[in-house]
Amino acid sequence: MQAPSVGGIMLPRGNGATVRLSRGASLTDFAEKINANPASLVQVMLNLGEMVTATQSVSDETLQLLADEMNYVVEIVSPEEEDRELLESFDIDFGENEGGEDMLVARPPVVTVMGHVDHGKTRLLDAIRKTNVIAGEAGGITQHIGAYQVATEVNDEERRITFIDTPGHEAFTAMRARGAKSTDIAILVVAANDGVMPQTIEALNHAKAADVPIVVAVNKIDVEGADPTKVRGQLTEYGLVAEEYGGDTMFVDISAKQGLNIESLLEAVVLTADAALDLRANAEQDAQGIAIEAHLDRGRGAVATVLVQRGTLRVGDTMVAGDAYGRVRAMFDDKGNNVEEAGPSTPVLVLGLTNVPGAGDNFLVVDEDRTARQIAEKRAARERNAAFAKRTRRVSLEDLDKVLKAGEVQQLNLIIKGDASGSVEALESSLLQLDVGEEVDIRVLHRGVGAVTETDINLASGSDAIVIGFNVRAEGRATQMAEREGVDVRYYSVIYQAIEEIEAALKGMLKPEYEEVELGTAEIREVFKSSKLGNIAGVLIRSGEVKRNTKARLIRDGKVVAENLNIDGLRRFKDDVTEIREGFEGGINLGNFNDIKVDDVIATYEMREKPRG
């Protein structure tokens, strides 16, 4: 049914009908859904004060604006739903459907260790796998995500536990939330001498949001001032009640440094899993799971650590992980041994992917290489559109000219390269969350895994970007090229150092803000006329001090009668002076301004730059 015109354009009206669109959809996509001409939608957007081309990816807000104008309801499809629809179009079921009860076999629990920075997460993981990972870590924080499996004995039976080694600092909040999604149980590490800290609560909230059982490891019980009972009391306030207090949360007092009670902690994990969870999976179906970490290896290409969640992954299988795909050439377990297959809850290192998937991307095994390639390409296109839409800054026609002139909106362009996709993703998400006001915009032009290349330098020089290398360096002639082109390349090995420096750079781009600071007030006692200088005020300084060449305003009967005056001349008796303090008398000349009377007050002030918080 044709509508009354919108801005003179005849368009179909929605009458409240729902249109489903993916993130980063274009006006052409919208037009297809409602059977309209894309050019007419461009015109509607123009009438609404937005310049948008027909094929450009637009933000959710822009789609909403257009839909409201045309009486449609827009439903933006979530990434998960989009992915499910994509896989359904290939007749692939990704999810919890694992066949009948008789197909299910027991699988090990998957555990994530969480907690406040410096409370001993890394040392606990180190104590569990008996290898020293701390020595190679800059800043004492875990820079990569990995996974490994350990065995423990519970009731004379060997039980396996899989650990996902997620970084613990708050900069990795997004990844920690993701870690919990792929997790069955969370171990919350709390130092007995420090007690509950802000990140402890943050980690606890992530675990609760993911609806996973929690085992509390009270660490550092060998340190002076340790009080495990206090920790139990503090956590009761957050809904974690110890078993000995009548609750259902297991608390284990440990010392990761001394290796005390580590076996008891593993036993608590197994017992919690048995009591609270039904951990079974179908080992016969095609493998599905999650990519925990991935990086680019000089000799072996794209290498991904994947956690099989259901099914069995075998060498020779065709898999797709995020927007990467390929045939599994080889697999290694956490000790570096070659393995032919990996069942549910098993982490393995996979070789053979075309590129590096993102941390947290789902993977699945498909029958044909062609299917894998098509799924990967569609996912890549979808991510690209969503990224373009996110990057688009909404500028209305009224202020377009203003924004283009000497940039009222300034932009810091970044290119991020790192040694692993998890670190790059975490760094990008932390930087994009920096809040330094609306005047400055931060934009990540490109992010990737591997060394800083000449292509990165080319992109940076063409777009005035800063290149950040996280645990990687420049390769080949990239360094000389950066020097020649004047591109700023920064190298970091600790994530919060990068965040602090970029934040400082952003604040430096902000236009200075000034505030008025009152200096002093002078009361006019007498007015002297001078043929050369005009009227001169004979004053008594009532408060503060009056300085030459500062701003002033004239107040008469409590009302401001003149603004933005200058203290041009200042005299005490016959001498020119730079300032007169409270309680002293002197003469003030306000330049060309002569409308002064006895009892007027001259208030002086100066504008000072406000420090940024």
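Computation of the quantities below employed the complete heavy-atom set of this structure, encompassing side-chain atoms and omitting hydrogens, waters and symmetry-equivalent molecules.
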Got a second to check how far [X]'s [atom1] is from [Y]'s [atom2], nearest 0.5 Å?
X    : Y    : atom1 : atom2 : value
I214 : L188 : CD1   : CG    : 6.5 Å
L364 : L313 : CG    : CG    : 11.0 Å
R300 : L349 : CZ    : CG    : 6.0 Å
L431 : Q433 : CG    : CD    : 9.5 Å
I415 : T455 : CD1   : OG1   : 10.0 Å

Between [X] and [Y], is any pair of side-chain heavy atoms under 4.5 Å apart?
X    : Y    : result
I187 : K121 : no
L66  : Y72  : no
S421 : H295 : no
V489 : I457 : yes
L427 : I499 : yes
F363 : V308 : yes
V365 : Q288 : no
D361 : R379 : no

Original post:
Does R20 CZ have over 12 foreign heavy atoms under 6.0 Å away?
Top reply: yes
Original post:
Near K208 NZ, under 6.0 Å, is it more than 12 heavy atoms from other residues, nucleotides or ligands?
Top reply: yes
Taking every non-hydrogen atom, the tightest pair across [X] and [Y]:
X    : Y    : result
V472 : A451 : CB-CA, 4.2 Å
L124 : A217 : CD2-CB, 4.4 Å
T453 : A478 : C-CB, 3.8 Å
V212 : D184 : CB-O, 3.5 Å
A192 : K220 : CB-O, 4.0 Å
A25  : L63  : CB-CD1, 4.2 Å

Subject >> No-hydrogen, no-angle side-chain donor-acceptor test under 3.5 Å, Q309 and S345 >> reply: no
Subject >> Pair S26-D29, side-chain donor/acceptor within less than 3.5 Å >> reply: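 The answer is yes; a qualifying pair exists.
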Acceptor/donor pairs from residues 321-331 side chains to any protein atom, 3.5 angstrom cut, sequence neighbours excluded:
{"residue": "R327", "atom": "NH2", "partner": "D369", "partner atom": "OD1", "Å": "3.2"}
{"residue": "R327", "atom": "NH2", "partner": "D369", "partner atom": "OD2", "Å": "3.3"}

**OP:** Could you pull out all residues at least two apart from Y492 that satisfy ring-ring contact (aromatic ring centres under 6.0 Å, His included)?
**Re:** none
**OP:** Test V52 against V42 for side-chain contact (heavy atoms from CB on, under 4.5 Å), laying out the working first.
**Re:** CA-CA 6 Å; V52 181; V42 172; 6.0 Å; no
**OP:** Check the pair F470, I416 against side-chain contact (heavy atoms from CB on, under 4.5 Å), reporting the backbone distance first and the verdict last.
**Re:** CA-CA 8 Å; F470 187 70; I416 303 174; 5.5 Å; no
Subject >> Among R447, K417, R473, the one residue meeting salt bridge (Lys or Arg N to Asp or Glu O under 4.0 Å) with D456 >> reply: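 That would be K417.
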Original post:
What's the verdict on side-chain contact (heavy atoms from CB on, under 4.5 Å) for D194 and V231, showing C-alpha distance, side-chain angles and the deciding distance?
Top reply: CA-CA 9 Å; D194 273 356; V231 172; over 6 Å; no
**OP:** Show your working on side-chain contact (heavy atoms from CB on, under 4.5 Å) between M45 and L48 and close with a plain yes or no.
**Re:** CA-CA 5 Å; M45 290 309 299; L48 292 170; 4.2 Å; yes
Say whether, by atom type as modelled, one donor and one acceptor occur between the side chain of [X] and the main chain of [Y] under 3.5 angstrom.
X    : Y    : value
T28  : P38  : no
N219 : A256 : yes
Q234 : V196 : yes

